[in-house]
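Reviewing the structure listed below.
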Amino acid sequence: MEKKIEMKTPLVEMDGDEMTRVIWAKVKEILIEPHVDLNTVYYDLGLKNREAAGDRVTTEAAEAIRKYGVGVKCATITPNAERVKEYDLTTMWKSPNGTIRAILDGTVFRSPIIVRGIVPFIPTWTKPITVARHAYGDIYKNTEIDVPEGGKVALAYTSEDGVRTETPIHAFDGTAGVVQGIHNTDASIRSFARSCMNFALDTRQDLWFATKDTISKTYDRRFRDIFETIYDEEYKDRFADAGTEFFYTLIDDAVARVIRSNGGFIWACKNYDGDVMSDMVATAYGSLAMMTSVLVSPEGHCEYEAAHGTVQRHYYKYLKGEPTSTNAVATIYAWAGALMKRGEKDGLARLSGFGAKMEVAAVKTIEDGIMTGDLFDLSNLERKRRVDTETFLLEVGQRLAAIV
Ligand code: NAP
Ligand code: MG
């Protein structure tokens, strides 16, 4: 047998919870370890270990990504009241993704995996639309108040040297109401813009950005100005060399153009737009199980994961010993993306090539008609077979072995 593919710098591996933790181990065992001399630094972000080690393990994993540059993460439980009981937690630990994102200051890019036989709800979307969500500020860090009838509300600003100015918002004459204060920072918007532009260059796709700056002449206008300035000053020439474009338009115009498009671009969205549009885009492509997700920091550190969660409902069936047909494709793509990026950063063409072949083998398996239950229900292939997770991975493994 030929020597296994070598790695140089380790990958930061972050294990997780429930069904995806089961799939995680199998993807490594069946697809990667037979071919790659896998070199990872391992962090167990499973909820049990987060309870034992505290959020420190999450912070350490994020620091390791900053050190090594590339990470791959399994889905993890974000505890709610039910999980606190289920896992007998001492505290409601914060979302690991939130913690990692805050440390890396990154932007999340979600893209659909397109296969023959699964037609998007918008059939002209033949190429992926990647949604990038600015995950800082706006209504997600708001302050809201109930306003009783008859009161007045103003925005108050106090400068560092103590000068206070007030700008009226509304006088609630004859009716009660509500008010919210939101903010964003130039630093965060700049990071977002750079992450998006780097990713567009990296993937050689056009970058679209949209706000409502005709109405929000200061707030949204700031986003537009920052994007346009950074593009003009730092990226214009590189975009021209890569044959890609930056395109700004109004959010309503963007929505209309997205629907009419064939895909194949990155859509940078403000926080709320990204929250809403990423769900719309994912649904339109058919399945949440076929969405990949990568967090890219402004310095170009990357963390790959599946966009879906831990698939709890399947896990409880698995625990009862029932066979599950959970889709492993997004997890395969997360590993594939991470290995490709690792290979690219370390100048290891064989490693990058292997990552690309993992994707090819997964797609080929589905296009050969072998798929998990979620895709079986969507696929219009005439000859198709519903298989359990392990069988699917073994089938991918055979196709992978044939091309490695
Ligand atoms: P989920 O795990 O994404 O699953 C929701 C439903 O979507 C599943 O019940 C299943 O539908 C379908 N589905 C998702 N992924 C699938 C796959 N790979 N194959 C087949 N079907 C798939 O979301 P959730 O149930 O709301 O969340 C479960 C846990 O995941 C929560 O504790 C949450 O905190 C965590 N979560 C983590 C992340 C992350 O780490 N990035 C993201 C989201 C959620 P059917 O049951 O109809 O088959
Ligand atoms: Mg959402």
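Since we're looking at a predicted model, the values are computed, not measured.
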Review point. Is a side-chain N or O of S297 found less than 3.5 angstrom from the main chain of E299, in a donor-acceptor match?
Key: yes

Point to revise | Short side-chain to backbone donor-acceptor contact, Y219 and H183, under 3.5 Å | key: yes

Determine, for [X] against [Y], whether the closest basic-nitrogen to carboxylate-oxygen distance falls under 4.0 angstrom.
X    : Y    : result
D55  : K94  : no
E367 : K364 : no
D37  : K3   : no
E234 : R194 : yes
E344 : R342 : no
R350 : E6   : no
K67  : E63  : no
D17  : R50  : yes
K212 : D252 : yes
K217 : D213 : no
R66  : E303 : no
D220 : R224 : no

Point to revise | F199 and F109 aromatic ring geometry - parallel, tilted or perpendicular at 30°/60° bounds | key: parallel

State, yes or no, whether a side-chain contact exists between [X] and [Y] at a heavy-atom distance under 4.5 Å.
X    : Y    : answer
L11  : K341 : no
E144 : V178 : no
M340 : Y304 : no
T292 : I113 : yes

Flag for [Y]-[X]: side-chain donor and acceptor within less than 3.5 Å:
X    : Y    : result
D388 : S325 : no
R133 : N271 : yes
Q205 : T203 : yes

Check your understanding: Given the rule in the side-chain hydrogen bond (donor to acceptor under 3.5 Å, both in side chains) test, do D346 and T9 qualify, once you have shown the distances and angles that lead to the verdict?
Key -> CA-CA 7 Å; D346 290 351; T9 319; 2.9 Å; yes

Check your understanding: Do D105 and S191 pass the side-chain hydrogen bond (donor to acceptor under 3.5 Å, both in side chains) test, and can you show the C-alpha distance, the side-chain angles, and the key distance before you say yes or no?
Key -> CA-CA 7 Å; D105 183 23; S191 285; 2.8 Å; yes

Practice item. Could you go through the side-chain hydrogen bond (donor to acceptor under 3.5 Å, both in side chains) check for K73 and N97 one step at a time? Key: CA-CA 9 Å; K73 180 181 167 291; N97 286 43; 2.7 Å; yes

Are [X] and [Y] close enough that their ring centers fall under 6.0 Å?
X    : Y    : result
F223 : H134 : yes
F239 : Y231 : yes
H314 : Y316 : no

